[in-house]
Amino acid sequence: MAGADALNPADPSGRLRHSMVERDIVRRGISDERVIQAMRTVPRERFVPGAEVEHAYADSPVPLGHGQTVSQPYVVAWMAQLARIDSHHRVLEVGAGSGYAAAVLAELAGAVVAMESIPELAASARIRLKDLGYHNVEVVAGDGSDPIGLEGPFDAIVVSAAAPAIPLPLRELLATGGRMVVPVGARGGQRLVVVERTASGFRQRNAGAVAFVPLVGRSGWDAPGF
Ligand code: SAH
């Protein structure tokens, strides 16, 4: 229980969510108001498995089943801020998992395509996002590291799983001026890389250290184990 913040019996999750956003998002330096508002809006408790509901607003990833996790709220907010998403943008997320980050992106963008390679997770994310009224997200089952047949361009691409190197097929899907935010490095820990497509090519920079589950696929790792 968190003092005055836990006193609204009508919406205890909303209270927990607002405190989480203050404590783990705003105080840690996320400053983009639209991102902060999106984090206050998306009901994370609806994206975690029933047994994990009490951890929905903890400062950590939450187990999702199939060896995967719902990303840590701070990291979702940080990636969304780095992607600099506008309300008219078309955004691709690779690694939809529960659909939580896709919902945050859907609050910020015009349209979101969220790819997930585990068909069961894709199916449940699709239902969950529809139930919550996110009509601007399309969940696509398949290998998002090299999404054959997916039509670009995208103004922003957020990769929610760790790649061994920048996935070049994804880079090609960026619009000029668009950005991809992708964890790149070893399985145990990665750096978050921001790749921007300019009129003349690509520019990239490292934003900091992260730890994601592996991106498994044609432009990712070739096996899911650690
Ligand atoms: N963004 C998610 C958490 C993602 S965990 C959320 O908020 O819940 C990473 C996800 O990436 C896992 O669900 C995993 O199955 C998926 N994944 C791994 N490799 C992938 C690939 N090549 N294409 C699409 N999804 C992939």
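In each ligand, atom 1 is the first atom listed, and ligand 1 is the first ligand listed.
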Can you name the atoms of ligand 1, numbered from 1 with element, that are less than 4.0 Å from a heavy atom of Leu121? 13 (O)

Check: Glu172 main-chain N/O paired with Arg197 side-chain donor or acceptor under 3.5 Å: yes

Test item: Tyr57 side-chain N/O and Pro73 main-chain N/O as donor-acceptor pair under 3.5 Å: no

With a 4.0 Å cut-off, would you call Arg28 and Asp24 a salt bridge? yes

Tell me whether Val94 has any N or O atom under 3.5 angstrom from an N or O of ligand 1. no

I need the atoms of ligand 1 closer than 4.0 Å to a non-hydrogen atom of Gly142, numbered in the order shown. 23 (N), 24 (C)

Looking at Glu116 and Arg126, does any basic side-chain N land under 4.0 Å from a carboxylate oxygen? no

Mode of Val76 contact toward ligand 1 - side chain, backbone, both, neither (heavy atoms, under 4.0 Å): neither

Answer yes or no: is there a side-chain heavy-atom contact under 4.5 Å between Val91 and Phe154? no

Does some side-chain heavy atom of Leu129 sit less than 4.5 Å from a side-chain heavy atom of Phe47? yes

Under 4.0 Å from any heavy atom of Ala96, which atoms of ligand 1 are there? 1 (N), 2 (C), 6 (C), 8 (O)

Under 4.0 Å to a heavy atom of Val213 - the qualifying atoms of ligand 1, by number: 5 (S), 9 (C)

Checking a contact table here: which protein heavy atom is nearest atom 13 (O) of ligand 1, and how many Å away? Glu116 OE1, 2.7 Å

Which of the ligand 1 atoms, numbered from 1, are nearer than 4.0 Å to a heavy atom of Glu93: 1 (N)

Taking non-hydrogen atoms only, is Ala102 closer than 4.0 angstrom to ligand 1 via side chain, backbone, both or neither? neither

Identity and distance of the protein heavy atom lying nearest atom 24 (C) of ligand 1: Ser117 N, 3.3 Å

To which protein heavy atom is atom 12 (C) of ligand 1 closest, and what is the distance rounded to 0.1 Å? Gln68 OE1, 3.2 Å

Is His66 touching ligand 1 with its side chain, its backbone, both, or neither, if touching means heavy atoms under 4.0 Å apart? neither

I need the atoms of ligand 1 closer than 4.0 Å to a non-hydrogen atom of Ser160, numbered in the order shown. 1 (N), 4 (C), 5 (S), 9 (C)

Protein residue, atom and distance nearest to atom 7 (O) of ligand 1, heavy-atom basis: Ala101 N, 3.1 Å

Atoms of ligand 1 close to Gly144 [distance to a heavy atom under 4.0 angstrom, numbered from 1]: 21 (C), 22 (N), 23 (N), 24 (C)

Distance from atom 5 (S) of ligand 1 to nearest protein heavy atom, with residue and atom: Thr69 O, 3.1 Å

Tell me, please: is Pro61 in heavy-atom contact with ligand 1, that is, under 4.0 Å? no

Among protein heavy atoms, which sits nearest to atom 19 (N) of ligand 1, and what does the distance come to when rounded to 0.1 Å? Val216 N, 2.9 Å

Under 3.5 Å, N or O to N or O, is Ile118 touching ligand 1 that way? no

Can you confirm whether Arg46 sits close enough to Ser13 that some side-chain heavy atom of one is under 4.5 Å from a side-chain heavy atom of the other? no

Contact partition for Met115 relative to ligand 1, non-hydrogen atoms under 4.0 Å: backbone

Atom indices of ligand 1, in the order listed, that fall short of 4.0 Å to a heavy atom of Ser98: 6 (C), 7 (O), 8 (O)

Does the side chain of Asp155 come within less than 4.5 Å of Asp86's, by heavy atoms? no

Who's the nearest protein heavy-atom neighbour of atom 18 (C) of ligand 1, and how far? Pro214 O, 3.6 Å

Could you tell me whether the side chain of Arg179 and the main chain of Gly177 form a donor-acceptor pair under 3.5 Å? yes

Considering non-hydrogen atoms of the protein only, which is the closest contact for atom 4 (C) of ligand 1, and what is the distance? Gly95 O, 3.3 Å

Contact (N/O only, under 3.5 Å) between Leu215 and ligand 1: no

Check for me, please, whether Trp221 and Ile166 land in the same ILVMFWY cluster - side-chain distances under 4.5 Å, paths through other members count. no

